[in-house]
Amino acid sequence: METLQNKRILVVLREPDRLEEIQTTLRDHGYRTYSACEGGEAIELIYAEPPDLILIDRDLPDIHGDVVCRDIKRENIFGHLPILLILPASDLSKEISWVSVPADDYLMDPFTPNELLSRVSLAFSRMSRTLDANPLTRLPGNNTIIKEVQSRLDREDQFVLAYADLDYFKSFNDKYGFSRGDEVLRMTARVITNAVRQSEGSLSFVGHIGGDDFIFLLPPEEADTVCTEVLKNFDLIITTFYDETDRMRRCIETVDRRGDRSTFPIMSLSIAVVPNEKKFTHFGEMSAVAAELKKYVKGMKGSNYCKDRRSKEK
Amino acid sequence: MSQENPALKAKVERIKNIPTLPGVVSKINIMIQDPEVSTEKLGQVISKDQVLSARVLKLINSSFYGFPGRISSVTHALVLLGFNVIKGMLISTSVFDMMHRSMVGMWEHSLGCATLAGIMGRKLDEPESEEIFIAGLLHDIGKVIIRVTAPEEFEAIMKMTEEEGIYVREAEEKILGVDHTQVVDWVAKKWNLPENISEAMTCHHAPARSKNFSRRTAIVHLADVLIQTVDFGSGGNNFVPPLDPETLNTLEVDIGFVEEVLLALEEKMDSLTEFSMED
């Protein structure tokens, strides 16, 4: 868990006394703060020392708060940075177009110290819930996966890491276009998640590394049942995502830039299963073994899973 | 076929929760309280009930899940929705407040037609015979939806078909200006149902209008007619609708095939009479 002490909040407010009040409240509750009184100054500060959250007055002497919001959020790296806009109640009497004002929340001035603290901590918790989710499948992404695996390794939990990816996904994408490819990824995520959830226990976890790569964690005794279920259901449904002619032929034909034709089988799923068995200390070691094993599984025809045996031999 | 009745169309497209028979609901309620119940067990009940099957397909084809218009199999839908979602959906299943004995007949007709269509699909070696079963199961869902969205008109339709000795869809045309296949067309579009089931559902009285799935449309059309000749279930009255003369040609079969499938149906008859008024 990250502590509040690590959280830096930039407070941007025209009124110096109010600015001081707000900073004091936040500091008293463990946040680190720094401040600016103008929009231009704020933008400079944000680039020089990026904060974890911005509290900004809508009414600033030089640049309008809306514009500051827009400028910051336009930068991809700040897309996730929570911005809380401070505005007077009168602003709400006219409709604010939140589409063009990319703030994450607002605080109506005047507000109480408790209201301020509550909004700030809500913004942080909301960010941690959504920050790392894969936008396509809403499954946890890389950072969460690494944290989850590492904490299990640190606790020396007994679990298996299953690393799944699609075979011939690229050729499907090339022929049908990326939005049809996205449909297949969402379907795969659903198939994996439902099979994993059906297994007993809160110990299971599913994450989406990106592209057509998924990771799921299971208690060792569930690995065979869940993998079998995932592969069975994937094979059952995948043909539905092809057009009828390809479904009948059970393959697709693509033509590359040089005009060469090649055929590819219907997509299948390959899963590498790596038990930890107290051998690994870092996520990196475990994922390297999984990646190596996955190459081997992908060499097999159709949908398959394979368990790593080496960890036992050692 | 007329397509005029914007007020009904708006109501149909807004329909949220379609009720089913009390017997089905009480069976479902017992099942979901059983901690040992599996997705397969729930699937066995769902895939025989036209309303529950329609709801499952509507749910998985909604844009929320990210592959609208892609899933036409109840089995696939159940795998993709997962146990928790299915259970949540079933908990909110409601029962018709006013029951008509004719409703049980409609459910039997739906399952009978589906079973017959499934038998024909397998005998003819059609690909995806589950889709053909589903199209048969849902072909008359328009009648159920009319019953829910326009209950008074539904009563009037039933009365008119009896008194004047006309087909249900003729009475529907007279009273609503549209018939139940038009209603099916509205919901199939609204719910993003795949064409590989919706076309046979929408064209089951006029297989000649089928464009891309003429074989399975012919199968559902034939099943709908045949199930009424053997007097099983009821689509609202006891008149057997006319068979499109091209049907057997489309399927490249003769009358011997019809006898064969009816014989096969006989063996399954017992498992079809499972709907009841009781709860």
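Predicted, not measured: the structure shown is a model, and the values here were computed from it. Below, read A as the first sequence line, B as the second, and so on, with proteins coming before strands; counting in each chain starts at 1.
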Engineer: Around atom NZ of B/K87, are there more than 12 heavy atoms from other residues, nucleotides or ligands closer than 6.0 Å?
Structural biologist: no
Engineer: A/R180 versus chain B, heavy atoms under 4.5 Å apart: side chain, backbone, both or neither?
Structural biologist: side chain
Engineer: Closest approach of B/G66 and A/E183, non-hydrogen atoms and distance?
Structural biologist: O-CG, 3.6 Å
Engineer: Do A/R190 and B/Y65 touch side chain to side chain, with heavy atoms closer than 4.5 Å?
Structural biologist: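 Yes. Closest side-chain heavy atoms under 4.5 Å.
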Engineer: To the nearest 0.5 Å, what is the distance between CG (B/L80) and CG (A/N233)?
Structural biologist: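 Nearest 0.5 Å value for the CG-CG distance: 8.0 Å.
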Engineer: B/P194, B/G82, B/S72: which one forms the most heavy-atom pairs within less than 4.5 Å of chain A?
Structural biologist: B/G82
Engineer: Under 4.5 Å between any side-chain heavy atoms of B/E128 and A/R247, yes or no?
Structural biologist: yes
Engineer: Hey, what do you get for CZ (B/F67) to CZ (A/R186), rounding to the nearest 0.5 Å?
Structural biologist: 8.5 Å
Engineer: Any chance CZ of A/R250 has more than 12 other-residue heavy atoms, nucleotides or ligands included, within less than 6.0 Å?
Structural biologist: no
Engineer: Counting heavy-atom pairs under 4.5 Å with chain B, which one of A/T239, A/D182, A/L236, A/T240 comes out on top?
Structural biologist: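 Ranked by heavy-atom pairs under 4.5 Å with chain B, first place is A/L236.
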Engineer: Counting only heavy atoms not in A/K170 (residues, nucleotides, ligands), do more than 12 fall under 6.0 Å from its NZ?
Structural biologist: no
Engineer: Quick check: closest heavy atoms across A/N194 and B/V79, and the distance to 0.1 Å?
Structural biologist: ND2-O, 2.7 Å
Engineer: Is there a side-chain contact (heavy atoms from CB on, under 4.5 Å) between A/F241 and B/I71? Walk through the geometry before answering.
Structural biologist: CA-CA 9 Å; A/F241 287 77; B/I71 305 299; 4.2 Å; yes
Engineer: Should we say atom OH of A/Y168 is surrounded by more than 12 heavy atoms from elsewhere, each under 6.0 Å from it?
Structural biologist: no
Engineer: If you count the non-hydrogen atoms of other residues, nucleotides and ligands that lie under 6.0 Å from OH in A/Y106, is the total more than 12?
Structural biologist: no
Engineer: Should we say atom CZ of A/R138 is surrounded by more than 12 heavy atoms from elsewhere, each under 6.0 Å from it?
Structural biologist: no
